[in-house]
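Below: the structure, in structure tokens.
Bear in mind the structure is a predicted one, so any value in this text is a computation, not a measurement.
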Amino acid sequence: MRGRLTAGTMLAALLMNVALAGCGAALPDGADGQLADDWAPVAEVKAVVPEAGTCLDTRPTPSGSSWDKAVPCISSHYSEIAHVGTFTGDTEPSPAQLAAAYAECDTKSAAYLGRPWWQARLQVHISIPMTRAWEGGARWFRCDLVQVESANWDDTWVARTGSLKGAIPADLLVSCGSAVAKGEFIDSMTEVPCATAHNSEYIGFFRAPLTTPYPKSDRQWTALYRQCSELAAGYVGVSKTQWYKLPTVAWLAYPEAWAAGDRRVRCTVYFGTKKIKKTVKGSKGKGVPYF
């Protein structure tokens, strides 16, 4: 079997030949006998940073790669990068840092879209460098916009075509819905035109403070309902002191996402068995159940 020198062995042999040649003959003019001192220094390797406006044919994951498959936005894709931010420090981001990143994504994606993402069947997902890339110096985070089948359920991603930049398509905007309760929880909510009979309507969004635990007790849930009801009061156009007249539903991120810093809460008003055929926005309570 023919043997083959490894690259290191070949280099050593070449260096030996150069050294031996140097011993047997005078150096030519301009040579100093130093093999590497005239080589240009190798440029520092820098991590590749994703770019806003890029569409990706990959489903959202907590750890992303700068090499995730980019495709033209006119082609089928799952996510679109609205913003790329930067973490500081050498340790991987804590839930507090991720919560701050989500807040930054909310602001930057609103500028990218022309309106808040939560007004549509969209979600914002943060993707950070994989461990090896982080150890290599990558400190970026991506704000990925993803279309979903339902505004209230995670992981129902939909492949789409076309960029979202500058304008959310009208058919993605959310407003009124027909909600079905199952015990203390809403089992489903189907979006319907506000002119048809419905018992719920999207009215706002907030991010809970990092100190807010994922709710388990009635007291913890009530605190979130209270915030939703205060948002509803502003949406309807009544005093915040009348918040208790507006029953609400709080749609939270999954517990795992909540623990990782995604404290999103979507809010809807909910009228139970009572139904109306108009939006409650700006109605000042006129024709709204319980007023």
Ignoring hydrogens, what is the shortest heavy-atom contact between [X] and [Y]? Give both atom names and the distance.
| X | Y | answer |
| --- | --- | --- |
| Ser200 | Gly177 | OG-O, 2.8 Å |
| Tyr102 | Val124 | CE2-O, 4.0 Å |
| Phe141 | Cys105 | CE1-SG, 4.0 Å |
| Gly89 | Arg139 | O-NE, 2.9 Å |
| Ile168 | Ala120 | CG2-CB, 3.7 Å |
| Leu164 | Pro169 | CD2-CD, 3.8 Å |

Practice item. Show your reasoning for whether side chain to side chain contact (heavy atoms under 4.5 Å, CB included) applies to Val49 and Val84. Key: CA-CA 8 Å; Val49 179; Val84 179; 3.9 Å; yes
Could you tell me whether [X] atom [atom1] has more than 12 heavy atoms of other residues or ligands within 6.0 Å of it?
| X | atom1 | value |
| --- | --- | --- |
| Asp90 | CG | no |
| Glu51 | CD | no |
| Asp171 | CG | yes |
| Lys165 | NZ | no |
| Lys284 | NZ | no |

What distance separates [X] [atom1] from [Y] [atom2], expressed to the nearest 0.5 Å?
| X | Y | atom1 | atom2 | answer |
| --- | --- | --- | --- | --- |
| Arg207 | Thr212 | CZ | OG1 | 12.5 Å |
| Arg263 | Leu98 | CZ | CG | 10.5 Å |
| Arg121 | Gln123 | CZ | CD | 12.0 Å |
| Glu201 | Thr268 | CD | OG1 | 9.5 Å |
| Cys55 | Tyr78 | SG | OH | 14.0 Å |
| Thr131 | Glu135 | OG1 | CD | 6.5 Å |

Point to revise | Passing candidate, side-chain contact (heavy atoms from CB on, under 4.5 Å) with Leu246, options Ile203, Val236, Leu231 | key: Val236
Revision key, fill the gap. Paired with His125, the side-chain contact (heavy atoms from CB on, under 4.5 Å) test is passed by just one of Asp262, Val146, Leu145, namely Val146
Does [X] share a hydrophobic cluster with [Y], counting links as ILVMFWY side-chain heavy atoms below 4.5 Å and allowing steps through other members?
| X | Y | result |
| --- | --- | --- |
| Tyr225 | Trp251 | no |
| Val249 | Val180 | no |
| Leu122 | Val158 | no |
| Phe271 | Ile186 | no |
| Val174 | Met189 | yes |

Could you tell me whether the side chain of [X] and the main chain of [Y] form a donor-acceptor pair under 3.5 Å?
| X | Y | result |
| --- | --- | --- |
| Ser229 | Arg226 | no |
| Asp57 | Val71 | no |
| His77 | Arg160 | yes |
| His83 | Ile81 | no |
| Gln220 | Lys216 | yes |
| Asp187 | Ala181 | no |
| Thr222 | Asp218 | yes |
| Arg266 | Ala250 | no |
| His198 | Ile276 | yes |

Heavy-atom distance under 4.5 Å between the side chains of [X] and [Y], does that happen here?
| X | Y | result |
| --- | --- | --- |
| Thr279 | Tyr235 | yes |
| Ile128 | Pro93 | yes |
| Pro215 | Leu252 | yes |
| Ser283 | Val288 | yes |
| Leu224 | Phe206 | yes |

Review point. Taking it one step at a time, do Glu92 and Trp134 satisfy side chain to side chain contact (heavy atoms under 4.5 Å, CB included)?
Key: CA-CA 8 Å; Glu92 293 193 14; Trp134 184 274; 3.8 Å; yes
Point to revise | Which residues share a side chain to side chain donor-acceptor pair (under 3.5 Å) with Tyr112, sequence neighbours left out | key: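 Partners of Tyr112 under the side chain to side chain donor-acceptor pair (under 3.5 Å) test: Glu80.
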Check your understanding: Is there a side chain to side chain contact (heavy atoms under 4.5 Å, CB included) between Cys194 and Ser175 once you walk through the steps?
Key -> CA-CA 7 Å; Cys194 290; Ser175 185; 3.1 Å; yes
**Study point:** Check against side chain to side chain contact (heavy atoms under 4.5 Å, CB included), Asn199 and Tyr270
**Key:** CA-CA 6 Å; Asn199 61 353; Tyr270 174 63; 3.6 Å; yes
Exercise for review: Would you kindly say whether Thr156 and Ser150 are connected by a side-chain donor-acceptor distance under 3.5 Å?
Suggested key: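 Note: Thr156 and Ser150 side chains miss the donor-acceptor criterion.
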Check your understanding: Are Gln119 and Tyr202 close enough that a side-chain donor and a side-chain acceptor fall under 3.5 Å?
Key -> no
Review point. Given the rule in the ring-ring contact (aromatic ring centres under 6.0 Å, His included) test, do Trp258 and Tyr214 qualify, once you have shown the distances and angles that lead to the verdict?
Key: CA-CA 7 Å; Trp258 187 277; Tyr214 193 85; 5.6 Å; yes
Practice item. State which residues pass side-chain contact (heavy atoms from CB on, under 4.5 Å) with Ala103; sequence neighbours excluded, sorted by chain then number. Key: none
Practice item. Flag this pair as yes if the NZ/CZ of Arg264 is under 6.0 angstrom from the six-membered ring centre of Trp118 and inside a 45 degree cone about the axis; otherwise no. Key: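 So Arg264 doesn't make the cation-pi contact.
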Point to revise | Residues forming a ring pair (Phe, Tyr, Trp, His ring centres under 6.0 Å) with Trp243, sequence neighbours excluded | key: none
